[in-house]
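The figures that follow rest on heavy atoms only: side chains count, while hydrogens, waters and symmetry mates do not. Labels below follow one simple rule: chain letters A, B, ... track the order of the sequence lines, proteins then strands, and each chain is numbered from 1.
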Amino acid sequence: MTPLRDLRTAVEDASAALRSDEAKQPGALPAVERPKRDGFGDYSTNAAMLLAPSVGKPPREIAERLGEELSNRLGDSLVRFEVAGPGFLNLFLADDWHATALAEVLAAGDAFGAGGADPAERILVEFVSANPTGPVVAASGRHAAFGDALARILAHHGHEVAREYYLNDAGSQIRKLGESVRARARGEAVPEGGYEGDYVLDIANALPNAAEEDPDVLAQAAVALMYERIKVTLLRFGVHFDRFFSEKTLYEGDPTPVQRAYAELERHGHVYRSDGALWLRTTAFGDDKDRVLERSNGEPTYFTSDVAYLEDKRERGFQRQIDVFGADHHGYVARLKAAMEALGGDPSTLEILVMQFVHLVERGERAAMSKRRGIFNTLDELIDDIGVDAARFFMLQRSHDTTVDLDLDLAREQTNENPVYYVQYAHARIASVLARAGEARVAEALAAVAAGAASEGTTALEPAERALIKKLIAFPDEVAEAAERRAPHRIAAYALELAQDFTAFYRDCRVVGAEPASVESFRIALSVAAQRTIAQALGLLGVSAPTSM
RNA sequence: GCGCCCGUAGCUCAGUGGAUAGAGCGCUCGCCUCCGGAGCGAGAGGUCGCAAGUUCGAAUCUUGCCGGGCGCGCCA
C-alpha cells in the first residue's frame, strides 16, 4: 500500500457509503488527482460528479456529504475540504500525512513503485529485430531504447518479462547480402537491390576466398559477423536480449516449427490451396486479403516464418506477446493478429506497438537514410556523438506513435538546455549534499524519520517540501500507467518533473545546517528519497544516475 | 482509392471526459557573500487543423472534411 492508494481507497469507500443510501449502481471509479492549482488543495476528486446521476442530487451537495464522510474516515489527516466548481471535492492534508508518506516511501526502498501488476503475466517483448544485413542504424536505437525500457518497466510493475530479437538469418535479403559481398570481393558493382555500404567491403575483406565462395555460404558467414557486431552495439547501448531467435531454426528439426504451425492452422481449418500456393484465410479474422504461406514454387514466405515464430512463442508459454514494429510494417498488424486467431489463440494477447520514425536533425536539417544505399547513421556513431544517456533519454521522451525529430545540437549540449543532464545533475547534487551531511548523520536522519520522530516537530512544512513529497508518492502510479499503457515516455516526463521539484526544494529549503535538528533530519531523509526515486526512474529508462558529473 | 498513425506555443512534444490547456528549447527582463550557477525567478507567446454531433462538461469520444507520414506483392 502507498499513501496515495490509501487515500484513493478512502474516497472509494466514502463514495460507496453514499451510494448505498440511495442507489446501487457502481459507476466509474472516481479519480483522485493532483489539481492544477495549489489553491485547489493537495488532492481533488470528481467522485461527487460521477455519483450525481445515480444519487439524483446536485453534485455540489453530494460533494459536501462526501467531504464529511471522508473527514470521519481520515481524522486529523484531513485538515479541511472544499467543494469547488461544478462539484469537485478538494482535500487539504496535514503535514503529518505528508511526513508519514515520506516514511513509507523510504521504507519501500528499491521496491518503491513495484509490483502493481494485476494479474502478473509472463510477457515476451520482441524488438529491434533488424535484418542482420548491416550495422544497427540510429533509427533502430529508438526501438532498442523503447523495447528495453518497456521491458524494465513491465518487470518493475511485477510481470515476468523476456526480451527477444528475431534474427532474420534466412530468406532472400540474406542471399542478396551474400551476393553483394562476393561482388565487392571481386571489385564488381553489387547486384540490383544489393547492399552498397562500405561495411560490405569490410565483410568481404574479412572473409577469405570471398571472391570465389558460394553466395549462400558467404551470406551465412556475413550474417554471423553482422550478428556479433549488432550484439556488441546493443550491449553498449545498455540493451541485453535474453535470446536472439534465429529464423533459420524455424525450418530445422523434425517436425520443424513451421510444420507444427501448419498443422495447427490446418487443425483449425484455415488453410487452403489455390493457384498452386498454400494460403491462410486471414480474411476470416478481419484481414483485408488472404495471405500466402507457401508460394507455388514451394518456397515459404516471410509471413510463414512470422506465423511459426508466433506459434513457437505460444508453445513456450508466454501469456502475452508484445512486438515492437517499425511504422513501415504496420500493414502486418492485421494479418498477424488474424494468424494468432487462426492458430486458436486470443488476438488480444498479441500486442503490436508501431514505432513511428525518428529523424536525426542537425542545424535544422534531417539526415537522409537508406540501409541498402549505404546512407545512414549507425547507432554506434550516434552514441559516439551524444552518448548513451542522451540518446536513450531523447528517444524515450516521446510517445512511440509520434514521429520524432531528434535535435543533435541540443542532445550534444552538456548544459541546462539538455533535459537529461538536468535530471542527472539533480541526482549528483543530492549526492553532494548528502556527502556534506556525512554518512552517520544521514543514517541517523533516516532512523528518525522512520521512527516518526522528525514528523513531530512543530515546524510547519514548507510548500516546496510538500510538493516534493507529493511528487515522490506519485511514482507508483506513474510506473503503473507507463506499464499498462506501454508508455515509457511518461517515466521520462516524471523524472524531469521530479528533478524540478527537488531543485525548487533545494532552492527554498536549507538542508545541511537546518534547525532544529528534526527539520534537518526530515530534509536529509527527503533528499534521500528524492535521490533514490530519481535513480529508479532513470534506471527504468536505462539512463545512468551519476553521483558526480 | 483503401487502411494505420499524426495535426496542441516560434521549434520539439506532453496531456485517452473535468476547474484558468502544460513542459523543454528559443525569446525578453532579473538573480552568483548562500549545502554543486551544469542553476534559479518573472514575462511575452494558443481559434488545441476545420466543421458538425454526443453531455452538466470535449484537446480528449463519434462522423465528415483539410494537411502530413507510412503501408497496400506468391518481396523482406
ask   = According to the 5.5 Å centroid and 30° plane-angle thresholds, does A:Tyr506 stack upon the nucleobase of B:C35?
value =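 Yes, A:Tyr506 stacks on the base of B:C35.
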Aromatic-base stack, A:Phe357 on B:G69, cutoff 5.5 Å, angle under 30: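 So no, this residue does not stack on that base, at least one cut-off failing.
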Take atom [atom1] in [N] and the same atom in [M], then report the distance between them in whole Å.
N: B:A44; M: B:G49; atom1: C1'; result: 25 Å
N: B:C32; M: B:G37; atom1: C1'; result: 7 Å
N: B:G71; M: B:G17; atom1: P; result: 32 Å
N: B:C11; M: B:U47; atom1: P; result: 12 Å
N: B:G15; M: B:U60; atom1: C1'; result: 9 Å
N: B:G10; M: B:G45; atom1: P; result: 11 Å
N: B:C2; M: B:U8; atom1: C1'; result: 29 Å

Side-chain heavy atoms of [X] within contact of [Y], under 4.5 Å:
X: A:Leu167; Y: A:Asn131; value: no
X: A:Tyr43; Y: A:Leu7; value: yes
X: A:Leu496; Y: A:Tyr422; value: yes
X: A:Glu362; Y: A:Arg412; value: yes
X: A:Leu353; Y: A:Met355; value: no

* According to the side-chain hydrogen bond (donor to acceptor under 3.5 Å, both in side chains) rule, which pairs have a member within residues 434-444 of chain A, sequence neighbours left out? ->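 For residues 434-444 of chain A, and leaving out neighbouring residues, the side-chain hydrogen bond (donor to acceptor under 3.5 Å, both in side chains) pairs sorted by first residue read A:Arg441-A:Glu520, A:Arg441-A:Ser521.
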How is [X] classified with respect to the nucleic acid when contacts are heavy atoms under 4.0 Å: base, sugar-phosphate, or nothing?
X: A:Thr503; result: sugar-phosphate
X: A:Val511; result: base
X: A:Thr547; result: base
X: A:Asn90; result: base
X: A:Asp275; result: base
X: A:Lys176; result: nothing
X: A:Ser432; result: base
X: A:Asp407; result: nothing
X: A:Ala428; result: base

Open item on the list: I want to confirm an ordering. Mapping A:Val433 and A:Phe40 to their closest nucleotides on RNA chain B, which one lands closer to the 5' end?
Closed with: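 Looking at RNA chain B, the more 5' nearest nucleotide goes with A:Phe40.
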query: Closest nucleotide of RNA chain B for A:Val354 versus for A:Ser274: which of these residues is on the 5' side?
result: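 Between the two, 5'-proximity favours A:Val354.
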Using whole Å, what does the distance between atom [atom2] of nucleotide [N] and atom [atom1] of [X] come to?
X: A:Arg412; N: B:C25; atom1: CZ; atom2: P; result: 18 Å
X: A:Arg507; N: B:G41; atom1: CZ; atom2: C1'; result: 7 Å
X: A:Asp409; N: B:G24; atom1: CG; atom2: C1'; result: 16 Å
X: A:Tyr302; N: B:G73; atom1: OH; atom2: P; result: 16 Å
X: A:Gln173; N: B:C75; atom1: CD; atom2: P; result: 12 Å
X: A:Gln356; N: B:C4; atom1: CD; atom2: C1'; result: 9 Å
X: A:Lys289; N: B:G71; atom1: NZ; atom2: P; result: 15 Å
X: A:Arg335; N: B:C2; atom1: CZ; atom2: C1'; result: 14 Å

What's the closest nucleotide to the side chain of [X] if the choices are [options]?
X: A:Leu410; options: B:C74, B:C25, B:G37; result: B:C25
X: A:Tyr425; options: B:A19, B:C40, B:G37; result: B:G37
X: A:Pro35; options: B:G41, B:A19, B:C74; result: B:A19
X: A:Ser296; options: B:G37, B:C74, B:C35; result: B:C74
X: A:Gln500; options: B:G24, B:C35, B:G73; result: B:G24
X: A:Arg436; options: B:C5, B:C35, B:C75; result: B:C35
X: A:Leu496; options: B:A23, B:C74, B:C72; result: B:A23

Each base of RNA chain B marked ( ) or [ ] if paired in-strand (Watson-Crick or G-U under 3.5 Å), | if paired to another strand and . if unpaired gives (((((((..((((....[...)))).(((((.......))))).....(((((..]....))))))))))))....
Is there a donor N/O on one and an acceptor N/O on the other, under 3.5 Å, for the side chain of A:His329 and the base of B:G71?
->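 No, the side chain and the base share no sub-3.5 Å donor-acceptor pair.
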Show me the donor-acceptor pairs within less than 3.5 Å that the side chains of residues 478-494 of chain A make with the rest of the protein, sequence neighbours left out.
unit_1   : atom_1 : unit_2   : atom_2 : d
A:Glu481 : OE1    : A:Arg485 : NH1    : 3.0
A:Glu484 : OE2    : A:His157 : NE2    : 3.3
A:Arg486 : NE     : A:Glu351 : OE1    : 2.8
A:Arg486 : NH1    : A:Ala483 : O      : 2.9
A:Arg486 : NH2    : A:Glu351 : OE1    : 3.3
A:Arg486 : NH2    : A:Glu351 : OE2    : 2.6
A:Tyr494 : OH     : A:Lys471 : O      : 2.7

With a cut-off of less than 4.0 Å, is there a side-chain N or O of A:Tyr494 near OP1 or OP2 of B:A23?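 Negative; the distance criterion is not met.
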_B:G73 OP1/OP2 closer than 4.0 Å to side-chain N/O of A:Arg295_ =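 For B:G73, OP1/OP2 do not have a side-chain N/O of A:Arg295 under 4.0 Å.
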message: Is there a salt bridge (charged side-chain N to carboxylate O under 4.0 Å, His left out) between A:Arg8 and A:Asp477? Walk through the geometry before answering.
response: CA-CA 12 Å; A:Arg8 194 161 282 140; A:Asp477 284 347; 3.1 Å; yes
How would you list, by chain and number, every residue that makes a salt bridge (Lys or Arg N to Asp or Glu O under 4.0 Å) with A:Arg510, sequence neighbours excluded?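 Scan of A:Arg510 (salt bridge (Lys or Arg N to Asp or Glu O under 4.0 Å), adjacent residues dropped) gives none.
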*asked:* List the residues meeting ring pair (Phe, Tyr, Trp, His ring centres under 6.0 Å) with A:Tyr165, not counting sequence neighbours, and say none if there are none.
replied: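 For A:Tyr165, the residues satisfying ring pair (Phe, Tyr, Trp, His ring centres under 6.0 Å) (neighbours in sequence not counted) are A:Phe241, A:Phe244.
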- Task: Say whether A:Glu247 and A:Asn168, considering side chains only, have a donor N or O and an acceptor N or O under 3.5 Å apart.
- Result: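 A:Asn168 and A:Glu247 do have a side-chain donor-acceptor pair below 3.5 Å.
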Enter syn or anti for the glycosidic conformation of B:C32, syn applying to angles within 90° of 0.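 Syn.
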(Q) Apply side chain to side chain donor-acceptor pair (under 3.5 Å) to residues A:Tyr251 and A:Ser305 and explain how you reach the verdict. (A) CA-CA 9 Å; A:Tyr251 298 91; A:Ser305 300; 2.7 Å; yes
### Query
Where does the angle between the aromatic ring planes of A:Tyr166 and A:Tyr309 fall among parallel (under 30°), tilted (30 to 60°) and perpendicular (over 60°)?
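If you compare the ring of A:Tyr166 with that of A:Tyr309, the planes turn out parallel.
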Protein heavy-atom contacts under 4.0 Å, written 5' to 3' over nucleotides 9-16 of chain B as B (base), S (sugar-phosphate only) or - (none), form the string ---BSSSB
